Amino acid sequence: MMYQVKKIDPFNVTDFAGDVFQTSDTETPDAVLVRSSQVDDSLITKRLLLVARSGTGTNTINIDACTENGTAVFNTPGVNANAVKELIIQNLFRCVRPLNEAISMIDQLHVGNEESLQEAAESQRKDYIGQELYGKTLGILGLGTIGQQLADACYHMGMQIIGYNRSFKNLRHVQQLETIEEVMALSDFVVLLLPLTPQTEHLITAEQFKLMKKSAFLLNFGRGELVDNPAVVDALDHDEFAGYVSDFPKAELQHHSKITLLPHLGGNTTEALTHSANLILQNLLDFLENGTVRSSVNFPRVDLPFISPHRLTFFFKTQENVMAKISSLLNKRALPVMEMMNNNQNGFGYTIVNTDFSDFSDEQVTNLVEEFASMKGMLRVRKLDHSNIENWQTD
Ligand SMILES: NC(=O)C1=CN([C@@H]2O[C@H](COP(=O)(O)OP(=O)(O)OC[C@H]3O[C@@H](n4cnc5c(N)ncnc54)[C@H](O)[C@@H]3O)[C@@H](O)[C@H]2O)C=CC1
Ligand SMILES: O=C(O)C(=O)[C@H](O)COP(=O)(O)O
């Protein structure tokens with residue numbers, strides 16, 4: 001079977017497409033490949049097996065609708081963490097040392113015959129005195145992969161690290177505090193590294209800005225919607241804190257002397273983009289061909305070698321006792337179970353059964369798949385044929 005994959009963002013699939021999938025403009029694809037663009041709900045048809053997101057944030061995908069539809073959502077968490085960490089550090093330095101301004105001053109400096117450029121420039125350096133990061137307090141909201149890498153790097157630059165996360169992380173270099181408010185009040189720099197979810201939308205607003213040090217900076221590399229933008233502008237206009245850096249530009253934040261906007265540059269390095277695209281394409285291929293789940297936000301991880309002529313995969317709600325019903329039907333229909341692997345997560349189960357349909361007619365196989373699919377709580381059943389096993393023989 002040749003699967004139809006719709007690319008929402010540009011991807012070079014030359015090394016992957018061919019035997020298993022081809023790219024297509026269809027509105028009813030088997031899989032969608034995407035970066036951070038919006039995935040329209042209309043694409044979530046019964047045919048859609050997978051949304052493959054190259055990158056970390058999945059806020060542009062309707063995960064609940066995908067899950068109910070039996071559609072897996074994959075992402076590549078951590079792959080761009082180093083790129084984001086480095087960009088944040090670059091911006092921390094930018095907050096404390098007026099580099100851009102100093103470079104621009106020299107660029108515009110005109111000297112006469114008597115004076116060297118160096119002398120003229122040095123005479124002005126008193127206007128470009130900065131501060132050091134060493135000894136300052138960095139507060140991180142969201143102590144996930146990027147937050148932890150940032151904490152380690154900044155700790156080794158001599159900063160004090162505090163942070164907030166919904167679950168306790170027990171990190172060596174981070175003092176984890178109970179509330180966002182404590183972190184905001186104690187930090188010289190607050191870095192937002194939370195995902196955008198219904199719980200985190202507009203989490204940071206006017207009340208918290210009032211707690212911040214007047215000299216503190218807020219850096220948002222999580223998502224724009226974490227912050228109430230009009231409240232940021234208002235707080236900066238009233239000198240409640242010193243400056244806002246955001247990787248997520250919005251018109252209401254433009255043209256403000258205390259606001260720096262970047263064009264979503266966090267993961268925008270050759271290394272991160274290449275690694276992330278290759279990883280998602282490999283995982284997409286493996287899911288379409290073998291049903292393997294390695295990094296998904298809604299399907300439990302199951303990776304079982306495909307060493308049988310056929311296999312069945314099941315995605316289901318665990319509370320309906322579907323696993324027991326699957327085992328019972330496999331037994332009842334005397335289907336050989338060569339290998340089987342199951343995993344459960346957040347109320348959903350995913351099971352792969354390696355099997356052999358050689359002794360079953362096509363009609364029997366179709367009926368069996370329909371029997372499984374009609375079980376209460378079953379969200380997706382797939383039957384996969386092993387493309388490379390010919391003349392399969394069991395001992
Ligand atoms: N600017 C950019 O280009 C990039 C931005 N990002 C953003 O950064 C976010 C974090 O990335 P990673 O660190 O890789 O993800 P991660 O999943 O490793 O970390 C997220 C952390 O936030 C915590 N968290 C989630 N909801 C919370 C809540 N309501 N309250 C407190 N803590 C909560 C989680 O427990 C986890 O520790 C992504 O979801 C994405 O939105 C990620 C990569 C690049
Ligand atoms: O991984 C994420 O989450 C990001 O925000 C990426 O770094 C940026 O997304 P892309 O637009 O580059 O896919």
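Nothing fancy with the numbering, it's 1 onward along the sequence. First listed ligand is number 1; within each ligand, the first listed atom is number 1. As the structure is a prediction and not an experimental result, all values here were calculated from the model.
- Between Gly78 and ligand 1, no pair of N/O atoms sits closer than 3.5 Å.
- Checking Glu101 against Ser104 by side-chain atom types alone, no donor-acceptor pair falls below 3.5 Å.
- Among protein heavy atoms, the minimum distance from atom 22 (O) of ligand 1 is reached at Pro195 CD, 3.5 Å.
- In summary, Lys210 and Glu240 engage in a salt bridge, as defined by a charged side-chain N under 4.0 Å from a carboxylate O.
- Closest protein heavy atom to atom 6 (N) of ligand 1: Phe221 O, 3.7 Å.
- Applying the 4.0 Å criterion to heavy atoms of Asn80 picks out, from ligand 1, the atoms 43 (C), 44 (C).
- Residues Asn290 and His386 have side chains that never bring a donor and an acceptor to within less than 3.5 angstrom of each other.
- Ranking protein heavy atoms by distance to atom 35 (O) of ligand 1, first place goes to Asn165 ND2, 3.0 Å.
- When the options Leu143, Leu177, Leu171 are evaluated for a side chain to side chain contact (heavy atoms under 4.5 Å, CB included) with Asn165, the one that passes is Leu143.
- Using a 4.0 Å heavy-atom cutoff, Gly222 is listed among the residues neighbouring ligand 1.
- Where the criterion is an N or O separation shorter than 3.5 Å, residue side chain and backbone included, Lys169 meets it with respect to ligand 1.
- Although no hydrogens or angles enter the test, the distance criterion places no donor-acceptor pair under 3.5 Å between the side chain of Asp188 and the main chain of Gly139.
- Between Gly147 and ligand 1, not a single N/O pair is under 3.5 Å apart.
- Within ligand 1, the atoms closer than 4.0 Å to a non-hydrogen atom of Leu143 are 37 (O), numbered from 1 in the order shown.
- Atom 33 (C) of ligand 1 has its closest protein heavy atom at Leu194 CD2, 3.4 Å.
- Near Asp247, the atoms of ligand 1 lying under 4.0 angstrom from a non-hydrogen atom of the residue are 1 (N), 2 (C), 3 (O).
- Applying the salt bridge (charged side-chain N to carboxylate O under 4.0 Å, His left out) test to pairs two or more places apart or on separate chains, none has a residue in residues 144-162.
- Checking each of Ile204, Thr205, Leu203 against Asp228 for a side chain to side chain contact (heavy atoms under 4.5 Å, CB included) leaves exactly one that passes, namely Thr205.
- Cluster partners of Phe360 are Leu312, Phe314, Phe316, Val322, Met323, Ile326, Leu329, Leu330, Leu335, Val337, Met340, Val353, Phe357, Val365, Leu368, Val369, Phe372, Met375, Met378, Val381, counting Ile, Leu, Val, Met, Phe, Trp and Tyr whose side-chain heavy atoms approach within less than 4.5 Å, directly or via other members.
- Protein heavy atoms are absent from the 4.0 Å sphere centred on atom 17 (O) of ligand 1.
- What sits closest to atom 38 (C) of ligand 1 on the protein, heavy atoms only, is Thr56 CG2, 4.0 Å.
- Asn354 and Arg311 are linked by a side-chain donor-acceptor pair at a separation below 3.5 angstrom, with hydrogens and angles left out of the test.
- Of all atoms in ligand 1, listed by their number and element, those nearer than 4.0 Å to a heavy atom of Gly267 are 3 (O).
- In the hydrophobic clustering of ILVMFWY residues, with side-chain heavy atoms under 4.5 Å counting as a link, Met184 and Leu226 come out together.
- Scanning the protein for heavy atoms near atom 10 (C) of ligand 1, the closest one is Leu193 O, 3.4 Å.
- A donor-acceptor contact closer than 3.5 angstrom links the side chains of Ser276 and Thr76.
- Thr200 CG2, 3.9 Å is the protein heavy atom nearest to atom 28 (C) of ligand 1.
- With a 4.0 Å cut-off on non-hydrogen atoms, Asn59 does not touch ligand 1 at all.
- At a 3.5 angstrom cut-off on N or O pairs, Phe248 does not count as close to ligand 1.
- Ranking protein heavy atoms by distance to atom 19 (O) of ligand 1, first place goes to Gly144 CA, 3.1 Å.
- Every heavy atom of Thr197 sits 4.0 Å or more from the atoms of ligand 1.
- Taking every non-hydrogen atom of His264 and a distance limit under 4.0 Å, the qualifying atoms of ligand 1 come out as 1 (N), 2 (C), 3 (O).
- Of all the heavy atoms of Arg166, the ones lying under 4.0 Å from any atom of ligand 1 are found in both the backbone and the side chain.
- Between the side chain of Thr179 and the backbone N or O of Glu182 there is at least one donor-acceptor pair closer than 3.5 Å.
- Judged by distance alone, the side chains of Asn82 and Glu86 do bring a donor and an acceptor atom under 3.5 Å apart.
- Of the N and O atoms on the side chains of Asn342 and Tyr350, not one donor lies less than 3.5 Å from an acceptor on the other residue.
- Around ligand 2 you find Arg35, Ser36, Arg53, Ser54, Gly55, Thr56, Gly57, Asn80, Arg223, His264, Gly267, each with a heavy-atom distance below 4.0 Å.
- For the pairing with Tyr164, the side chain to side chain contact (heavy atoms under 4.5 Å, CB included) check across Ile180, Leu194, Val174, Ile140 returns one residue only, Ile180.
- Residues Asn75 and Thr58 bring no donor and acceptor atom of their side chains to less than 3.5 Å of each other.
- Checked by atom type and distance alone, the side chain of Arg53 pairs as donor or acceptor with a backbone atom of Gly57 at under 3.5 Å.
- Among pairs with a residue in residues 21-40, those fulfilling salt bridge (charged side-chain N to carboxylate O under 4.0 Å, His left out) read Lys6-Glu27, Asp30-Arg47, at least two apart in sequence or across chains.
- Per-residue contacts place Gly266 under 4.0 angstrom from the following atoms of ligand 1 (heavy atoms of the residue considered): 1 (N), 2 (C), 3 (O).
- Considering backbone and side-chain atoms together, Leu265 places no N or O closer than 3.5 Å to any N or O of ligand 1.
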